[in-house]
Participant: 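First, the structure itself, so that you have it in front of you.
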Amino acid sequence: MGHPHVVALRAVYEDVHSLHMIMDWCGGGTLWHLMERCPDYQLPEAAAAAATRATLMVLAHCHAR
């Protein structure tokens, strides 16, 4: 997709039983894992705003294509 917040799909291999998708490694974890480290599972406002902005940028990018 060519966007910094979208994981690149590098290759796809299929056999009789499975479909294997080779993607970039994302070592930062998930949004849920970030929330687990916050008191009462509440992200600070700046972190929530950054995550929301990144998500909306990806959606806009995908819909523009």
Side-chain angles (χ1 to χ4, degrees):
M1 299 267 342
H3 191 277
H5 298 297
V6 176
V7 179
L9 178 64
R10 300 296 179 179
V12 177
Y13 303 101
E14 185 175 6
D15 61 30
V16 176
H17 303 287
S18 303
L19 178 70
H20 305 274
M21 299 186 300
I22 310 303
M23 303 170 76
D24 284 343
W25 170 254
C26 299
T30 65
L31 180 58
W32 178 251
H33 290 130
L34 177 62
M35 290 176 64
E36 285 180 320
R37 294 188 294 246
C38 296
D40 298 322
Y41 296 95
Q42 294 182 6
L43 288 176
E45 185 177 349
T52 301
R53 183 175 189 272
T55 301
L56 293 174
M57 287 176 61
V58 167
L59 286 172
H61 179 78
C62 291
H63 283 278
R65 300 191 98 207

Participant: Which residues pass the salt bridge (Lys or Arg N to Asp or Glu O under 4.0 Å) test with Asp24, sequence neighbours left out?
Facilitator: Arg10
Participant: For Pro4, give me all partners under side chain to side chain contact (heavy atoms under 4.5 Å, CB included), at least two apart in sequence or on another chain.
Facilitator: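 By the side chain to side chain contact (heavy atoms under 4.5 Å, CB included) rule, Pro4 matches no residue at all.
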Participant: Not counting sequence neighbours, which residues clear side chain to side chain donor-acceptor pair (under 3.5 Å) with Trp25? List them please.
Facilitator: none
Participant: Using side chain to side chain donor-acceptor pair (under 3.5 Å) as the criterion, list what pairs up with His17, not counting sequence neighbours.
Facilitator: none
Participant: Show every salt bridge (charged side-chain N to carboxylate O under 4.0 Å, His left out) that has at least one partner inside residues 45-56, sequence neighbours left out.
Facilitator: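 Sorted result for residues 45-56: empty, none.
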Participant: If the condition is side chain to side chain donor-acceptor pair (under 3.5 Å), which residues does Ser18 pass it with, not counting sequence neighbours?
Facilitator: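 If we apply the side chain to side chain donor-acceptor pair (under 3.5 Å) test to Ser18, skipping adjacent residues, there are no hits.
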Participant: Once side chain to side chain contact (heavy atoms under 4.5 Å, CB included) is applied, do any residues pair with Leu34, and if so which ones, sequence neighbours excluded?
Facilitator: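 Once residues adjacent in sequence are excluded, the partners of Leu34 under the side chain to side chain contact (heavy atoms under 4.5 Å, CB included) criterion are Leu31, Arg37, Leu43.
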Participant: Can you list everything that forms a side chain to side chain donor-acceptor pair (under 3.5 Å) with Glu14? Sequence neighbours excluded, please.
Facilitator: none
Participant: Do you reckon Val6 sits in the same ILVMFWY cluster as Met57, going by side-chain contacts under 4.5 Å, direct or chained?
Facilitator: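 Cluster IDs for Val6 and Met57 differ.
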Participant: Does Val16 sit in a hydrophobic cluster with other residues, and if so which ones, taking ILVMFWY side chains as linked at heavy-atom separations under 4.5 Å, directly or through other members?
Facilitator: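 Noted: Val16 shares its cluster with no other residue.
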Participant: Applying side chain to side chain contact (heavy atoms under 4.5 Å, CB included), name anything that partners Glu36, two or more places apart in sequence or on another chain.
Facilitator: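 Side chain to side chain contact (heavy atoms under 4.5 Å, CB included) check on Glu36 returns Trp32, His33, Tyr41.
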Participant: Could you list the residues that satisfy side chain to side chain contact (heavy atoms under 4.5 Å, CB included) with Ala11, not counting sequence neighbours?
Facilitator: Tyr13, Ile22
Participant: To the nearest 0.5 Å, tell me how far Asp15 CG sits from His20 NE2.
Facilitator: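 Taking CG in Asp15 and NE2 in His20, the distance rounds to 4.5 Å.
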Participant: Taking everything shown except Met23 itself, do over 12 heavy atoms lie less than 6.0 Å from its CE?
Facilitator: yes
